[in-house]
Amino acid sequence: MTIKLISQRILTLAFLAFIGFGCATSTKEESKERPNIVFIMSDDHAFQAISAYGGPLAELAPTPNIDRLAEGGMRFNQCMVTNSICGPSRATILSGKYSHLNGFIDNTGGSHFDFSQNSYAKVLQKAGYKTAVIGKMHLGGTPTGFDYFDILPGQGRYYNPTFINQEGEYKMEGYTTEIITDKTINWLESEKESEQPFMVMMWHKAPHRAWEPGPNELGMYENTTFPEPETLFDDYDTRDAAAKNNMSIANTMFIDRDLKMTDQPRAGYTEDQLEQWNAVYQPIYEKFREENPTGKDLVSFKYQRYMRDYLACIAAVDKSVGELLDYLKESGLDKNTIVIYSSDQGFYLGEHGWFDKRWMYKESLNTPLLVSWPGVIEAGSVNNDLVSNLDFAETLIDVAGAEILEEMQGESLLPILKGETPADWRDAHYYHYYEHPSEHAVMRHYGITTDKYKLIHFYYDIDDWELYDLEKDPMEIHNVYDDPAYADVQAQLHVQLEELRKKYGDNDELNQKFIDEYQEKVKANPRIEYWKYW
Ligand code: SGN
Ligand code: CA
């Protein structure tokens with residue numbers, strides 16, 4: 001072999017070794033640089049019940065751990081949802097598309113998410129992220145885009161839940177919020193040595209109705225009296241659609257099933273759990289029977305019970321967030337991990353006399369959004385831009401440095417997280433709710449929210465417009481539609497609304513199509529129409 005040949009072979013080997021080595025290093029470096037993503041979501045968690053948002057509950061029922069995200073990161077004051085109900089909201093979050101395009105428009109009659117469509121989970125997985133979802137999904141079907149899933153069937157249970165993972169269905173003993181937390185931390189622990197960045201979703205069932213506090217929080221608020229919201233006894237003057245609701249604390253919240261004022265033993269609890277439960281609830285029930293409140297006193301009693309149970313469920317969620325954040329810190333993962341906290345929508349805590357969600361009014365349109373990302377988001381920052389759960393998919397993809405899909409309809413929040421709102425950021429947010437006739441009897445409606453105003457159109461078995469001046473009337477109790485003083489504003493908002501409907505591809509023909517499809521579901525299950533107005 002000549003010297004020339006030998007040196008050529010050495011060169012070739014050296015070159016191969018160089019590219020091999022080069023590739024390995026760059027992949028490792030890249031994956032190290034790409035942040036991990038922890039996406040925590042709860043179900044029906046009102047921003048009014050997060051102390052970082054202030055308000056009358058902040059001192060009485062603080063959420064110190066969730067607040068850590070606001071202290072170390074950014075609090076969004078104006079995060080809105082596209083369709084304020086569980087499944088549809090989650091479908092928007094995953095797909096980055098409005099309900100009329102992702103196909104999951106309501107929770108009624110076997111609705112399920114079409115998992116063959118694109119989602120941020122799929123995009124991240126393709127981009128080399130390890131993806132996992134643990135907890136409540138409520139989307140039907142088998143999740144795609146996840147390396148690992150361990151989820152509750154449907155709504156799931158608070159105590160002794162069934163889970164479904166890749167191997168099938170199985171039961172566990174304990175309190176679901178705590179189980180979901182342990183599962184998430186165990187999954188993180190099992191991924192510790194992995195070279196891949198991860199995206200894990202810890203999606204809680206709590207604090208969904210019927211608000212069953214955990215063994216460690218039972219009775220924690222029994223000595224607290226929560227202030228009643230100003231609109232607890234709202235008369236819905238000037239708001240015909242709102243008057244025809246079926247979600248009031250007075251008429252629809254059940255004293256036994258929702259508020260546990262019963263001597264029927266709880267189903268599905270172990271003996272120990274029952275004993276602990278009864279020790280707290282039996283004396284309350286006895287006192288209730290003795291006092292037998294009626295009229296407004298009964299509503300006030302129900303409100304206090306509702307708050308005590310709901311907020312105790314949240315205390316467990318807050319503890320869960322604390323445990324997860326502690327784990328990230330102890331393992332050193334916190335330095336390169338973005339942590340997001342949100343809810344599938346907001347919730348009424350007695351405002352307008354209500355519980356539940358669905359309406360385009362503030363408490364259910366807005367959802368909490370807190371994000372921490374050390375070194376990227378300035379600690380303690382507060383953002384007032386109109387952001388949406390439509391933006392979540394784009395944001396996660398952008399954070400991971402992957403390519404945002406053309407079909408997605410939101411905007412990445414990455415610039416905002418970095419402290420720079422793009423000059424052309426949205427000045428109006430579009431909303432559309434469909435599930436009617438159904439439980440809680442909230443009429444179909446769509447509309448837009450700007451910084452200053454809200455325009456809503458209720459349709460189907462009503463044709464009503466509402467307009468709110470959010471600066472003068474933050475509680476949204478004075479409908480000023482057709483008030484001559486707002487004629488210009490009204491005209492302008494109509495134009496903006498039509499522009500947005502066009503932009504997002506929503507229209508009356510689609511409305512009719514969805515109504516027709518809904519009629520078919522009602523025919524198949526007449527019970528859907530059982531829900532009447534009170
Ligand atoms: C259940 C609840 C409703 C709630 C829906 C939708 N009733 O049906 O109050 O609005 O879920 O919630 S209950 O008596 O069964 O608790 S969602 O989270 O799935 O959107
Ligand atoms: Ca929900």
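Start at 1 and go down the list; that is how both ligands and their atoms are numbered.
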Using distance alone, with no hydrogens and no angle criterion, decide if [X] and [Y] have a side-chain donor and acceptor under 3.5 Å apart.
X: Y341; Y: S42; answer: yes
X: T108; Y: Y518; answer: yes
X: E351; Y: Q48; answer: yes
X: E363; Y: Y361; answer: no

Can you confirm, on distance only, whether ligand 1 has an N/O atom lying under 3.5 Å from any N/O atom belonging to [X]?
X: D258; result: no
X: D344; result: no
X: C86; result: yes

**Asked** For atom 7 (N) of ligand 1, which candidate among E439, H440, E435, Q155 provides the closest heavy atom?
**Response**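 Looking at heavy atoms only, E439 sits closest to atom 7 (N) of ligand 1.
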Check each atom of ligand 1 against the heavy atoms of [X] and keep those under 4.0 Å away; list them by number with element.
X: R257; answer: 14 (O)
X: N107; answer: 17 (S), 19 (O), 20 (O)
X: R358; answer: 4 (C), 5 (C), 6 (C), 10 (O)
X: H138; answer: 19 (O)
X: D43; answer: 18 (O)

**Flag if over 12 foreign heavy atoms under 6.0 Å of CD, E230** =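 Result for CD/E230: open.
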**Request:** For the atoms OE1 of Q345 and OD1 of D43, give the angle they form at the Ca ion (ligand 2), rounded to 10 degrees.
**Result:**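 Value, to the nearest 10 degrees: 160°.
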**Request:** Specify which N/O/S atom of D344 comes nearest to the Ca ion (ligand 2), by atom name.
**Result:**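 Result for D344 and the Ca ion (ligand 2): OD2.
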**Atom of D44 nearest the Ca ion (ligand 2) (restricted to N/O/S, atom name only)** =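 Considering only N, O and S atoms, D44 comes nearest to the Ca ion (ligand 2) through OD1.
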Give me the nearest non-hydrogen protein atom to [atom] as residue plus atom name, then the distance to 0.1 Å.
atom: atom 4 (C) of ligand 1; answer: D356 OD1, 3.4 Å
atom: atom 12 (O) of ligand 1; answer: K357 NZ, 2.9 Å
atom: atom 16 (O) of ligand 1; answer: R209 CD, 3.2 Å

**Request:** Take K97 and E407 through the salt bridge (charged side-chain N to carboxylate O under 4.0 Å, His left out) test and state the conclusion after the steps.
**Result:** CA-CA 8 Å; K97 292 190 287 196; E407 68 190 63; 3.3 Å; yes
**Item:** Test applied, salt bridge (charged side-chain N to carboxylate O under 4.0 Å, His left out); reference residue, E212; option that passes from R266, K205, R157, R257
**Value:**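 Exactly one pass, corresponding to R266.
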**Message:** If you take the centroid of each ring, where Trp contributes its six-membered ring, are Y446 and Y459 closer together than 6.0 Å?
**Reply:**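 Yes, they do, as the ring centres are separated by less than 6.0 Å.
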**Prompt:** Is a side-chain donor or acceptor of N165 paired with a backbone partner of G168 at a separation under 3.5 angstrom?
**Reply:**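 Between the backbone of G168 and the side chain of N165 there is a qualifying donor-acceptor contact (under 3.5 Å).
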**Prompt:** Any donor-acceptor pair under 3.5 Å linking the side chain of T181 with the backbone of T177?
**Reply:**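 Checked: pair present.
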**Prompt:** Is the Ca ion (ligand 2) under 3.0 Å from any N, O or S atom of S89?
**Reply:**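 For S89, the answer is no, given that no N, O or S atom comes within less than 3.0 Å of the Ca ion (ligand 2).
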**Item:** Sole residue of Y430, Y433, Y434 in ring pair (Phe, Tyr, Trp, His ring centres under 6.0 Å) with H445
**Value:**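 Checked Y430, Y433, Y434 against H445; only one passes ring pair (Phe, Tyr, Trp, His ring centres under 6.0 Å): Y433.
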**Prompt:** Heavy atom of M247 under 4.0 Å from ligand 1?
**Reply:**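 Not so, M247 does not reach ligand 1.
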